[in-house]
Each structure stands twice: as C-alpha cells, then as structure tokens.
Protein chains: 2
Amino acid sequence: MSLATDAADKPTLYKRIRADIEKRILTGEWPPGHRIPFEHELVARYGCSRMTVNKALSELAQADLIERRRRAGSFVRRPQHQSAVLKIADIRAEITALGRAYGYELIHRKLRAATAADRDRLGVRKAGKVVSITCRHSADNVPFAVEDRLIDLSSVPAAAAADFSREPPGSWLLHHVPWTEAEHTISAIVADDHTADALAIAVGAPCLVIDRYTWRSARTITAVRLLYPGDSHRLVARFKGG
Amino acid sequence: MSLATDAADKPTLYKRIRADIEKRILTGEWPPGHRIPFEHELVARYGCSRMTVNKALSELAQADLIERRRRAGSFVRRPQHQSAVLKIADIRAEITALGRAYGYELIHRKLRAATAADRDRLGVRKAGKVVSITCRHSADNVPFAVEDRLIDLSSVPAAAAADFSREPPGSWLLHHVPWTEAEHTISAIVADDHTADALAIAVGAPCLVIDRYTWRSARTITAVRLLYPGDSHRLVARFKGG
DNA sequence: TACGATTATATGTCTAGACATATAAGTCAA
DNA sequence: TTGACTTATATGTCTAGACATATAATCGTA
C-alpha cells in the first residue's frame, strides 16, 4: 500500500479521502453537478482498494453531499438550504447548559376519559383514557416555558401511576418509552391573559410555540405544546454541510 | 452462504440486518442501554462475513440509533427527542407545493458601503460593500413573507450586478454560490407599523421570524431575516428515528 | 485495599479479489 | 428518424481473510 498524495495519514485513509472530496465541494472547486472521479480513479490516486474509496463515497452519499448513479458516476449535489438540523433540546438540559438553575413546577394534573378534543389532538379515533398535565419550567426562578401535555394511556399505561410532581413528564417519557418519532410544529402567537400570567409577561407579548406530536410505530404517545416568551427565547438550527 | 433467519432476501443482506435491528429497537424489545449482539454473533446468525454486519452496524451508528464501544460492544442509544430535521423550504417551492400562485416583488435594493450595523449583522470586521434588499413573497396575491437581506459583496462580487427585480435573491444565491453552511434562529415578535403594513396584518399581530446567517468556509455570504404572519405560517420539523 | 501492569477481545480499518445489476451508449433494423 | 436490442461500465454488495487499537477485565504487587 502507498500514499499517493501528501502527508502522513493521521486519520484513517477513508476519512482522508472523504475529507478531501468534501473540501473540494465546499470550496466550490467541484460545483453542483460536477462528476467526481470514478472509484477506480480514486483507487489509483490513493493507492488503496476499492472498498476503501467506496466507504468514503458511501458516507458522502448518505450525507447527501453527492449523488451516486450506476454506470454514470458520482455527482456533487446542489446545496439544500431548506434542510437544517434543529436542536430542540430537553428543557432542563437547555437551562443548565446556560449555567442557570433549573426549576420545575407541576401546575395541573388530571386523569380523564379522552374528550373529542383530546382525541383530535392526539390523532386517535378510539376513546380511551388520557393524562393531562400542565407544568412550568423556570431558569433562576424566572418562568422559561409552560408545558401543556396530553399522554395517551392506552399507549403508555404506566403514565397513569407516574408522579409528575417532581419529574417533568418529558423526561419521564424519555425513560419509559423506548423509541419514538416526533413531529414539531413551530408557530407564533401573542400571549392571552392566561399565558401572560403563567409566563409572567405582558398580555399581547409575542410567544414562540412548539407543538410536538410523538408516536411509536403508528401508536400515538403524547402531544405537547410548549410556550416560550418570544422575545427572549430562540431556536437555533444549524445547517450541516455534510 | 446461508440464510439463518426467515424469508428470501429481496433487499440486500446488510439492509435486512440493519432493518432487523432497527425494528427491535423501535419496538422496545431492545431498550436503550441494551447491548446488541456482537458482530461475530450476527455473523453466525446470518451466515455472512463480518464486513456485512459491520456495514449494517456502522450505518445504525451513523444514524445515532446505536453507540459502538471498542471491546465493550454496541448499545442501543437513548432516543434524542431534541434533534429534528427542520425543513425550511425555499419559499417559492413552499408556496407552489401548496398549489398556490407564487408572487415576488422587490421593494428596495441598495448598494452601499457597510455600516457598523451591517458589519455587526454579517459578523465581519473589515469595511466593504454590501447589497441591502427588501422584498416580499406572496401566495395568491396575499403577502406570505417579507425578506430583509444583506449580501456581502466582498464574498459575492457578482451580486452587485445581479438584477433582483424578478429573481428572488435567495434563489439567485443558490445558483451562484457553490456550497454553504447556515445557521437559523427562530423567534417570535409582534408586528410593528412597518411590518404590519408589509404583511397586511394588524399591528400587534404575532410574527414568526427566521434569521438565517450563511457562510462558506468561514467567509460570510449573506444574512437574511424572514418575517411570516405567525398565526398562519407554521414550520414543521419531523424527527426521524433512524 | 488500592493501584499499576498485563491480557483478552470487540470494534476499526483495510485488502484483493468476486459476481450482480442498473443503465448510458452504441448498434442495427424498420 | 425512431425504436428495439446489445454491450460496456460504474456502482452495489459480498467474502475470507488481516493487522491495529482502545479498553474492560484480570492479575499481581505495594
């Protein structure tokens, strides 16, 4: 085996190949649509086996940086501004990461038969029992977010017995429900009397709303609405270019 | 080679292995923290070579479904609710996808030397020229979003000569700047006089704000603020469980 | 008991082949 | 010119090995 290019291979070879190609795409040397070298050409350039360059190219394809077409070759993909990774952190983690004291307070908890509104919100047709929870998260004793949650007990029966007076329902679910899918909807509203009171802000002040709907294998688990003061809270989504 | 499990391998073997494991994680059969079989055990179970199961496990690790630790094994990771893929679609695409007529209108365009505020917004220190653009996107002639953008001409000199009267600056940049990274910040505000007028909404109505800052290889390209009527517009982020 | 050295082992990377398969490109007939 | 057929080729997947390396577990010593 030989190193056809430059320096010593501190990282592994396939990572270096991947980084080399990534760099050329990033700098624009290889613009969108450009055909990158065939595998056998890269094999010759780096003096390695095909499996090694294949691993590098496969990862680039998985990251949507390139597109691979049989018989045709591999091509640089057009950048997709529209896709970004949004980090909706666990609230406790978010607050402690800011170096502030996390506070949690259960405001309301009720177990009831699902109303029509509940079923609509959870996206289920059958009647069943639900737990409705309202709570507040605070940072250094200042209200940070209010949470209004509905848990489908037919999916998570254990939630009926759970004590949410000290542990937030979000973290409880994280520890008791195996793996989930979720959909987030972000919107803006102005605070009504009730919201303003809960968040200690003025009526008419802007609020950022995150509605999260969570399910597992087509089974509804929970629906939650998080309300943040809109002028102080910000969601940051960083687009990864690979 | 043999098939130790069930049916014929319509998809490829490593995909089947990956899907099998993914399923057990999803259903909760293998909860977070659970050690999944060692590579050599999977090799025995599926009757294939180690590289094949390694490929399956590597992809699961890349998708953050499992964590691999040398000498210890591979473990099911805790679900990460906080990470979601936010689709911030190109506005034109978003509107046409809704089956509505896309409209674009340039409100203001000015080429100027960067002011202190401009440099602050773009995150650059050196003085230089910028293009400032204000424009409006509409759906079926109803205001959909107003865009306020700053382009750094030292990074994108061609933008000085670009005509943004018909083509939105976002799509122009997409076609002229090779590959970019971006950071999005989402917040909520209430409409002031100016905003209310531009979006044809009431003063004090909620607005969703997306601030996008774009760069390439540590070079600033553009900063843009998009304002949407908060009660009608929604950002949807779907969390993929693998 | 606590700590440092040794060992066993699962993963990480890599090779030099192989056959499968989709498809771009060329060929030939209607 | 057009359509159907053939061929060449780049990628997709897979094998049966190999050595490297981080580290959990064990063992030995202070």
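To find a chain, count down the sequence lines: A is the first, B the second, and so on, and within it residues start at 1.
Regarding A:His40, its NE2 atom lies at a distance of 11 Å from the C1' atom of D:dT11, rounded to whole Å. Spacing between atom CG of B:Asn54 and atom C1' of D:dG12 amounts to 17 Å, rounded to whole angstrom units. A:Glu67 has its CD atom 17 Å from the P atom of D:dA10, to the nearest Å. Rounded to whole Å, the distance from CZ on A:Arg70 to C1' on D:dT9 is 12 Å. Between the CD atom of B:Gln62 and the C1' atom of C:dG12 there is a distance of 14 Å, given to the nearest Å. One interatomic measurement links the two molecules: CZ of A:Phe38 to P of C:dT23, which rounds to 16 Å at whole-angstrom precision. Per the geometry, OH belonging to B:Tyr46 stands 16 Å off P belonging to D:dT13, to the nearest Å. Atom CG of A:Leu13 is separated from atom C1' of D:dA18 by 16 Å (rounded to the nearest Å).
For B:Arg50, taking side-chain heavy atoms from C-beta onward, the closest of the listed nucleotides D:dG12, D:dC14, C:dG12 is C:dG12. Between D:dT15, D:dA22, D:dA10, one nucleotide has an atom nearer to the side chain of B:Thr52 than all others, and that is D:dT15. Residue A:Ser49 places its side chain closer to C:dT15 than to any other of C:dT11, C:dA10, C:dT15. The side chain of B:Tyr14 has D:dT13 as its nearest neighbour among D:dT13, D:dA22, D:dT15. Among D:dT11, D:dA24, D:dT13, the nucleotide with an atom closest to any side-chain atom of B:Ala72 is D:dA24. Of the candidates C:dC14, D:dT15, C:dG12, the closest approach to any side-chain atom of A:Met51 belongs to D:dT15.
Five base pairs at each end of the helix from C:dT1-D:dA30 to C:dA30-D:dT1 define two local axes, and these are offset by 20° (rounded to 10°).
Of all non-hydrogen atoms in B:Val131 and B:Ala159, the two that sit nearest each other are CG2-O, 4.1 Å. Of all non-hydrogen atoms in B:Ile91 and B:Tyr102, the two that sit nearest each other are CG2-CE1, 4.3 Å. Minimum heavy-atom separation, B:Cys48 to B:Val43: O-CG1, 3.0 Å. Nearest heavy-atom pair, B:Thr52 versus B:Tyr14, reported as atom, atom and distance to 0.1 Å: O-CB, 3.6 Å. Smallest separation of non-hydrogen atoms from B:Phe75 and B:Arg69: CE1-NH2, 3.5 Å.
Contact check, B:Ser74 against C:dT11: a side-chain N or O comes under 4.0 Å of OP1 or OP2. Contact annotation: A:Lys15 reaches the phosphate of C:dT13 (side-chain N/O to OP1 or OP2, under 4.0 Å). Side-chain N/O atoms of B:Ser58 include none lying less than 4.0 angstrom from OP1 or OP2 on C:dG12. Checking the phosphate oxygens (OP1, OP2) of D:dC14, no side-chain nitrogen or oxygen of B:Lys55 falls inside 4.0 Å.
Distance check: B:Ile36 CD1 to B:Ser74 OG gives 4.5 Å after rounding to the nearest 0.5 Å.
Ring-plane geometry between B:Phe144 and B:Tyr228 is classed as perpendicular, the angle between the planes exceeding 60 degrees on a 0 to 90 degree scale with a lower cut at 30.
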Could I get a table of every N or O pair under 3.5 Å where one atom is in the protein and the other is in nucleotides 6-8 of chain C?
from	atom 1	to	atom 2	distance (Å)
C:dA8	N3	B:Arg71	NH1	2.9

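Legend: residues meeting side-chain contact (heavy atoms from CB on, under 4.5 Å) with B:Arg24, ordered by chain and number and at least two apart, are B:Glu29, B:Trp30.
Judged by atom type and distance alone, B:Arg68 does not reach the base of C:dT11 through any side-chain donor-acceptor pair under 3.5 Å.
For the pair A:Arg35 and A:Phe38, the cation sits on the ring face: its NZ or CZ lies under 6.0 Å from the ring centre, inside 45° of the axis.
The salt bridge (Lys or Arg N to Asp or Glu O under 4.0 Å) with B:Asp148 is formed by just one residue from the set B:Arg121, B:Arg136, B:Arg225, B:Arg212; it is B:Arg121.
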